[in-house]
Amino acid sequence: MAGRVVQTNEKLPLIESIPLSFQHLFAMFGSTVLVPLIFKVDPATILLMNGIGTLLYMFICRGKIPAYLGSSFAFISPVLAVIGTHGYQAALGGFIAVGLVFILVSLIIHLVGTRWIDIVFPPVTMGSIVAIIGLQLIPTAAQSAGLIAPTGATNWAMDLKTVLVSLLTIVITIFGWVLLRGFLKIIPILIGIVAGYLIAWPVGLLKFSTVADAPWLSLPHFYTPSFNTASILIILPAALVVIVEHIGHLMVTGNIVGKDLIKDPGLDRSMFGNGISTVISGFVGSTPNTTYGENIGVLAITKIYSTWVIAGAAVIAIVLSFVGKLSALITSIPSAVIGGISLILYGVIASNGFRIFVEKKVDFARAQNIILATVIFAAGLSGVTINIGKVPLNGMGLATIVGVLLSLFFALINKLHLSNEED
């Protein structure tokens, strides 16, 4: 197994597949645990619908895309605005509207094709955007790891226990990644999480009370959506960011697995899978579903691209949503451990953006390429925020829109033979 690439359609022995599936599920901590905690909804509901949504997505995409679905962080700000005024049920109505937008976009892509992607997202633009996906998330991971102050904190002091656990989690994961052989070589993330959990125990960072109080079997809580025009208009603009984010994820995933997933099974199928999953999730009380960034990091590290492993993670998520104590055990993983693992995963995502530059042979001697990369990085990492109504546009979302507009501008002047760099 060591050093071997496992392709998307390959099955692995069950004894190997199960820990690999758990590894993917743990890597999706931000979607399956952090997001529901922020929205103050039942994590079991999110686990259930992420699992069901992933299985639906794989069926629609013919089992060709190794992607686990989760909630995008792009929804956090507008959803919190809606919850504060109209409640979570009104946010669910916005989620359903977002899902319908995804479906509409998938139909448009099916009709007009994907040739426009090469114009809107040339390699230099896509590489820069993918790099920003990871780079803008790294500070969040550093906060969880206790390395920097949380946003808005005033009297913050570094907690040495948190830092110790996060750094040891990173070191053990890296050592496992480069030193272990055989089957252990392909589960460094899971090894790092388990080791970090055990290290956090004696230093007092674990809280077992939630696990002890949780029942063995329990039903996820279901929420009924309500439809409020104002709430829908607040949430809907975030769909644009997620659509672009999804295209970026699909491109970089295809780059990792060595297949053009945009063409086969197709961006239209992938977007349609997102839409169907999101609509169903909205009707039962879960968040919008889309391909999840951490999934890319796991694929790049392990070189295990099997969709059977991803499907296994989805099945485990569904099962855990009904097992109260196991679900509570997952949510008890200290933020220091998740912060350490996330620093690695987000760094890998950023590195894959730079990998696009290399593999696509982006020529930075050309003024257009260097300008595109410069402006995209400046827009995405400067901290500038543009508010569209109550929806803040910053980071990757702002960088993407700026990059697309600049790419279209350069494509136009090249078409009109106005560029001073014409070959």
Side-chain angles (χ1 to χ4, degrees), residues 21 24-25 27-39 41-76 78-79 88 91-106 109 133 220-223 225 232 235-236 238-250 253 261 265 267-296 298 307 310-318 320-321:
S21 295
H24 270 281
L25 185 59
M28 310 305 144
F29 180 88
S31 172
T32 57
V33 177
L34 182 59
V35 168
L37 289 179
I38 291 174
F39 294 164
V41 298
D42 187 0
T45 309
I46 312 301
L47 271 172
L48 175 65
M49 296 315 299
N50 284 356
I52 292 174
T54 298
L55 294 179
L56 280 172
Y57 177 84
M58 289 192 170
F59 175 76
I60 292 170
C61 295
R62 301 172 178 171
K64 294 184 176 182
I65 302 177
Y68 188 95
L69 299 194
S71 178
S72 170
F73 285 2
F75 288 105
I76 291 178
V79 169
Y88 183 65
L92 293 175
F95 296 162
I96 294 169
V98 165
L100 294 175
V101 169
F102 290 164
I103 293 172
L104 176 62
V105 170
S106 73
I109 293 172
I133 292 175
H221 187 85
F222 297 108
Y223 305 83
I232 291 174
I235 293 175
L236 210 54
L240 173 63
V241 177
V242 176
I243 289 169
V244 174
E245 182 180 58
H246 175 69
I247 295 173
H249 286 170
L250 196 59
T253 300
L261 301 177
L267 178 59
D268 55 338
R269 281 183 173 272
S270 183
M271 190 67 69
F272 186 74
N274 277 12
I276 291 294
S277 176
T278 294
V279 169
I280 295 174
S281 293
F283 274 111
V284 299
S286 187
T287 52
N289 280 339
T290 185
T291 47
Y292 203 61
E294 281 82 346
N295 181 72
I296 298 172
V298 177
T307 52
I310 306 292
V315 171
I316 291 171
I318 294 170
L320 289 181
S321 71

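All values reported here derive from a predicted model rather than from experimental measurement.
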### Message
Between Arg269 (side chain only) and Ile60 (backbone N and O only), is there a donor and an acceptor less than 3.5 Å apart?
### Response
yes
#### Entry: Gap between atom CD1 of Ile310 and atom CG of Leu25 - 0.5 Å precision
10.5 Å
### Message
Could you tell me if the side chain of Phe272 sits less than 4.5 Å from the side chain of Ile109, heavy atoms only?
### Response
no
### Message
Nearest 0.5 Å, please: how far is OG1 in Thr45 from NE2 in His221?
### Response
7.0 Å
### Query
Do Thr287 and Ile46 come close enough that some side-chain heavy atom pair is under 4.5 Å?
yes
### Message
Which heavy atom of Pro225 sits nearest to which heavy atom of Gly93, and what is that distance?
### Response
CB-N, 4.1 Å
### Task
Report yes or no: do Ser270 and Tyr57 form a side-chain donor-acceptor pair below 3.5 Å?
yes
## Note on the structure
Closest non-hydrogen contact found for Ser321 with Ala44 is CB-O, 3.3 Å
### Query
Which class fits the ring pair Tyr88 and Phe39: parallel under 30°, tilted 30 to 60°, perpendicular over 60°?
tilted
### Query
Should we say atom CZ of Phe59 is surrounded by more than 12 heavy atoms from elsewhere, each under 6.0 Å from it?
no
### Query
Side-chain contact, heavy-atom cut-off 4.5 Å: Pro288 with Val242?
no
### Task
Mind checking the CD1-CG spacing from Ile232 to Leu92? Nearest 0.5 Å is all I need.
11.0 Å
### Query
So, His246 and Thr291: side-chain donor and acceptor under 3.5 Å apart, yes or no?
yes
### Task
Look up atom CG in Leu267 and atom OG in Ser106, then write down how far apart they are to the nearest 0.5 Å.
9.0 Å
### Message
Is it the case that the side chain of Ser277 and the backbone of Gly273 share a donor-acceptor pair, with hydrogens and angles ignored and the cut-off at 3.5 Å?
### Response
no
Donor-acceptor list for residues 47-56 side chains, cut-off 3.5 Å, not counting sequence neighbours:
residue : atom : partner : partner atom : Å
Asn50   : ND2  : Ser31   : OG           : 3.2
Thr54   : OG1  : Asn50   : O            : 2.7
Thr54   : OG1  : Leu69   : N            : 3.0

### Message
Using 0.5 Å steps for rounding, measure from the OH atom of Tyr68 to the CG atom of Asn289.
### Response
8.5 Å
### Message
On a heavy-atom basis, which atom in Val98 and which in Ala239 lie closest, and how many Å separate them?
### Response
CG1-CB, 4.1 Å
### Beyond-backbone contact of Val279 with Phe102, side-chain heavy atoms, under 4.5 angstrom
no
### Query
Would you call Val101 and Ile243 a side-chain contact if the rule is heavy atoms closer than 4.5 Å?
yes
#### Entry: Rounded distance [0.5 Å steps], CD1 in Ile235 versus CZ in Phe75
8.0 Å
